[in-house]
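So you know, we letter chains A, B, ... as the sequences are listed, proteins then strands, and number each from 1.
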Protein chains: 2
Amino acid sequence: MNDETKYLLPESEIPKAWYNVQADLPFELPPVLHPGTKRPVGPADLAPLFPMALIQQEVTRERWVEIPEPVREVYKLWRPTPLYRARRLEKALRTPARIFYKYEGVSPVGSHKPNTAVAQAFYNQQEGVKRLATETGAGQWGSSLAFAGQLFGIDVKIYMVRVSYDQKPYRRHMMETWGAKVVASPSPDTDTGRKRLAEEPACSGSLGLAISEAVEDTVTHPTPTKYALGSVLNHVLLHQTVIGLESKRQLDMAGVYPDVVVGCIGGGSNFAGFAYPFLADKLAGKAKGLRVVAIEPAAAPSLTRGVYAYDFGDTSMMTPLVRMYTLGHGFMPAPIHAGGLRYHGMASGICELYRNGIIEARAVQQLATFEAGVLFARAEGIVPAPEAAHAIRGAIDEAIRCREEGKAETIAFNLCGHGHFDMAAYERYFAGKLEDYELPQAEIDRAVAELPQV
Amino acid sequence: MNDETKYLLPESEIPKAWYNVQADLPFELPPVLHPGTKRPVGPADLAPLFPMALIQQEVTRERWVEIPEPVREVYKLWRPTPLYRARRLEKALRTPARIFYKYEGVSPVGSHKPNTAVAQAFYNQQEGVKRLATETGAGQWGSSLAFAGQLFGIDVKIYMVRVSYDQKPYRRHMMETWGAKVVASPSPDTDTGRKRLAEEPACSGSLGLAISEAVEDTVTHPTPTKYALGSVLNHVLLHQTVIGLESKRQLDMAGVYPDVVVGCIGGGSNFAGFAYPFLADKLAGKAKGLRVVAIEPAAAPSLTRGVYAYDFGDTSMMTPLVRMYTLGHGFMPAPIHAGGLRYHGMASGICELYRNGIIEARAVQQLATFEAGVLFARAEGIVPAPEAAHAIRGAIDEAIRCREEGKAETIAFNLCGHGHFDMAAYERYFAGKLEDYELPQAEIDRAVAELPQV
């Protein structure tokens with residue numbers, strides 16, 4: 001073993017291709033259905049929203065998809081990201097386990113999201129797109145597309161959920177610093193928004209409504225516009241695999257291969273980005289003992305408590321239908337602070353891997369994640385985002401199991417972002433104002449009762 | 001030339017010694033005087049406040065001071081920091097100049113401050129200190145000492161200026177996440193604070209008052225306590241030289257030596273940390289053409305408009321007297337957003353270098369620094385702290401001069417921190433609410449009239 005604190009790669013080792021798990025899955029992904037016809041969607045259905053290169057990436061079976069050189073050039077602003085050995089955390093836990101973490105918070109945005117935002121901006125630019133529309137909740141995704149659009153000369157319009165627009169202004173100012181136009185949703189800029197405002201002028205908005213506004217903007221704006229999504233879709237997960245590909249090289253430098261790989265999970269992109277390149281080994285029969293563990297919030301437990309069914313990706317029932325574990329598109333999660341994990345559904349590939357017993361999932365409570373986040377910050381220095389604290393909780397629980405079983409396993413997790421814009425959540429935690437949330441089964445039953453008939 | 005975007009060093013190349021400019025100065029530093037006796041202070045005068053190792057570092061003439069291995073171990077959490085070639089900024093400016101920047105914002109705290117906080121915590125721990133007291137304004141220094149104290153098992157008490165405590169809560173929550181006790185100053189915890197609160201219950205505090213409280217706490221607290229300072233003193237500047245030492249190695253990897261070195265300047269620690277290792281070459285006659293440029297805010301222009309005299313380091317007249325360029329200890333700077341640069345005086349060594357014509361200084365206006373910061377964020381991705389935007393402004397002005405003169409010079413500057421906790425300032429800039437500030441000469445004259453008689 002090579003005893004570094006962090007393992008760095010030179011820029012020349014930024015991956016030259018993304019890894020596409022669809023090449024190696026031992027099953028077919030269920031087709032995505034048109035919400036009207038209930039027939040599988042084709043490229044023509046998606047063309048008004050996405051450039052053709054991304055539509056092709058959505059369905060390709062090629063194992064490796066080349067990363068264009070201009071994308072790699074932008075990646076160099078922060079990639080390869082470091083992989084750390086968490087020695088101080090191991091010591092604090094008195095565990096014989098070795099804990100490693102990949103740190104994606106070094107990007108200018110502070111998370112893994114620009115890995116796909118940069119790629120999406122590039123492909124749009126290549127097809128002559130001058131303007132992109134998207135939605136954002138807490139602002140990680142909006143910031144990433146603002147940053148990427150700026151670098152590729154594309155105007156970006158962001159519909160930001162009103163409650164975040166008002167309560168989390170710093171992310172908004174960051175998007176504006178990168179030149180994006182940000183408007184609170186519901187907004188006066190779309191029919192959907194105007195209608196909603198007329199019904200309820202003080203409406204605080206929702207991600208589903210913001211998606212509807214961004215999609216309406218995309219198909220109606222006088223400047224030809226495309227739409228961009230920050231998670232869930234296959235091409236988004238594909239772009240994130242740079243995380244796991246680099247991590248494998250770095251763990252190799254450290255002279256280890258993981259026994260357990262852990263990530264937090266909302267729509268699925270940071271988890272898949274980190275885990276899929278390891279899963280490739282397992283799917284090829286080369287890492288049979290490898291465990292891959294997804295950690296989701298108990299307040300939005302789509303994998304562990306959702307039903308497996310066709311459902312809409314958004315609450316407004318505008319998107320195609322995806323077969324997945326879902327809490328129902330009408331599910332309203334409790335307002336926990338890990339905003340990036342409050343999604344009713346899950347990327348299709350992840351659902352199939354879970355259904356086939358290839359990956360595991362666990363739900364954790366909010367207080368346990370903040371406890372883990374504070375322990376991590378005090379041991380390792382980095383203050384994690386509440387989303388990333390879910391992965392930390394998962395890794396700590398595995399390390400405690402190793403202590404109890406006396407096993408020196410190797411645990412690797414993805415620290416997908418820092419918490420610099422989430423300090424108000426830490427304040428509430430220290431003030432004793434955060435609560436756990438036991439999701440009543442009746443709430444799931446109610447939302448699931450509204451699933452579309454297919 | 002080696003064409004990387006960023007130049008990385010392995011952990012093994014974290015410097016093993018700090019560079020002490022006192023070994024190479026062609027003049028003596030004026031003695032620091034006791035405020036009562038007006039005689040030079042000795043180690044015994046400082047012993048109640050600082051551990052002996054730091055008192056010795058304050059006056060040593062040794063060229064190299066060994067960095068203890070436990071300090072290097074903590075440095076590995078973020079050091080060596082990257083050095084970037086700002087190619088997109090060069091392109092945006094259409095300059096033939098090559099621009100490089102060292103990025104200190106990758107530390108867990110987000111700036112260069114932990115370089116000295118970690119060293120100070122280590123030396124205190126070595127001498128058995130269990131508790132440290134300090135003051136903080138906007139919170140960069142307090143965060144750094146909280147982080148460092150946590151790693152070395154030292155309790156940290158921070159007196160945070162009331163106005164920042166109320167208006168900038170996120171930095172406070174960060175300090176608490178790292179386990180520090182933070183109190184608004186004036187506080188009920190000291191005689192100084194209680195007296196001030198009795199006179200004016202709504203007092204918004206000042207850095208001078210917070211220093212007084214921290215010093216009183218240090219000498220009166222039942223748990224033996226030492227005091228820690230984040231800038232100005234020789235040992236603080238010494239610890240920061242890891243920045244410049246790494247930068248020289250990295251510029252060497254890039255195959256260049258700078259023609260101009262630029263840093264922003266408040267108390268002087270990030271500037272000295274970056275510039276002194278280059279100045280060593282100039283002082284040794286090896287880099288005769290090298291220009292070293294300090295950029296200060298026009299609202300607190302101690303080098304360019306201050307007087308050269310003995311003055312107190314704090315507004316409460318409790319510290320020893322230092323010979324320096326000063327605007328007067330009673331000077332109240334306009335509330336510009338670069339809080340870290342609003343200091344009435346300057347580190348003694350920097351003043352002597354300026355007085356002897358070895359370094360240059362320029363004052364810049366606030367709007368010009370935000371304009372530079374936004375241009376930088378849009379070109380390079382990183383949103384800079386308002387302090388760091390002063391260095392960017394200086395580097396951009398040099399690059400524009402190179403364009404006008406048709407010179408392909410190499411410019412290197414220190415990007416001392418990110419702006420994640422300063423987005424409210426960017427909002428005010430975009431909203432047109434920020435102003436330049438022409439400091440009236442009468443204000444300086446008034447403050448300078450109160451200089452102590454020596």
ask   = Any idea which of A/Thr177, A/Val383, A/Val106 has the most non-hydrogen atom pairs under 4.5 angstrom with chain B?
value = A/Thr177
key: Shortest non-hydrogen contact from B/Leu8 toward A/Leu9   = CD1-O, 3.9 Å
inquiry  = Is B/Val74 in contact with chain A via its backbone, its side chain, both, or neither, using a 4.5 Å heavy-atom distance?
reply    = both
query = Taking the side chain from B/Glu11 and the backbone from A/Thr5, do they hold a donor-acceptor pair closer than 3.5 Å?
reply = yes
remark   = Expected contact set for residues 164-173 of chain B against chain A at heavy-atom separation under 4.5 Å reads B/Tyr170, B/Arg172, B/His173
message = Using a 4.5 Å heavy-atom cutoff, which residues in residues 419-426 of chain B come close to chain A?
response = B/His420, B/Phe421, B/Met423, B/Ala424, B/Tyr426
note = When the 4.5 angstrom heavy-atom criterion is applied to B/Arg428 and chain A, the contacting part is neither
query = Looking at OH of A/Tyr103 and CH2 of B/Trp78, how far apart are the two atoms once the value is rounded to the nearest 0.5 Å?
reply = 13.5 Å
request  = Measure B/Leu77 against the heavy atoms of chain A and call it side chain, backbone, both or neither at under 4.5 Å.
outcome  = both
inquiry  = Give me the atom names and distance for the closest heavy-atom approach of B/Pro108 to A/Gly381.
reply    = CB-O, 3.5 Å
query = Does atom CD of A/Glu435 have more than 12 heavy-atom neighbours, drawn from other residues, nucleotides or ligands, at distances under 6.0 Å?
reply = no
query = Is it the backbone or the side chain of B/Ala146 that comes under 4.5 Å from a heavy atom of chain A, or both, or neither?
reply = neither
message = Quick one, A/Arg88 and B/Glu73 - any side-chain contact, counting heavy atoms below 4.5 Å?
response = yes
message = So which residue, B/Glu176, B/Met174, B/Lys76, B/Arg378, ends up with the most heavy-atom pairs under 4.5 Å with chain A?
response = B/Arg378
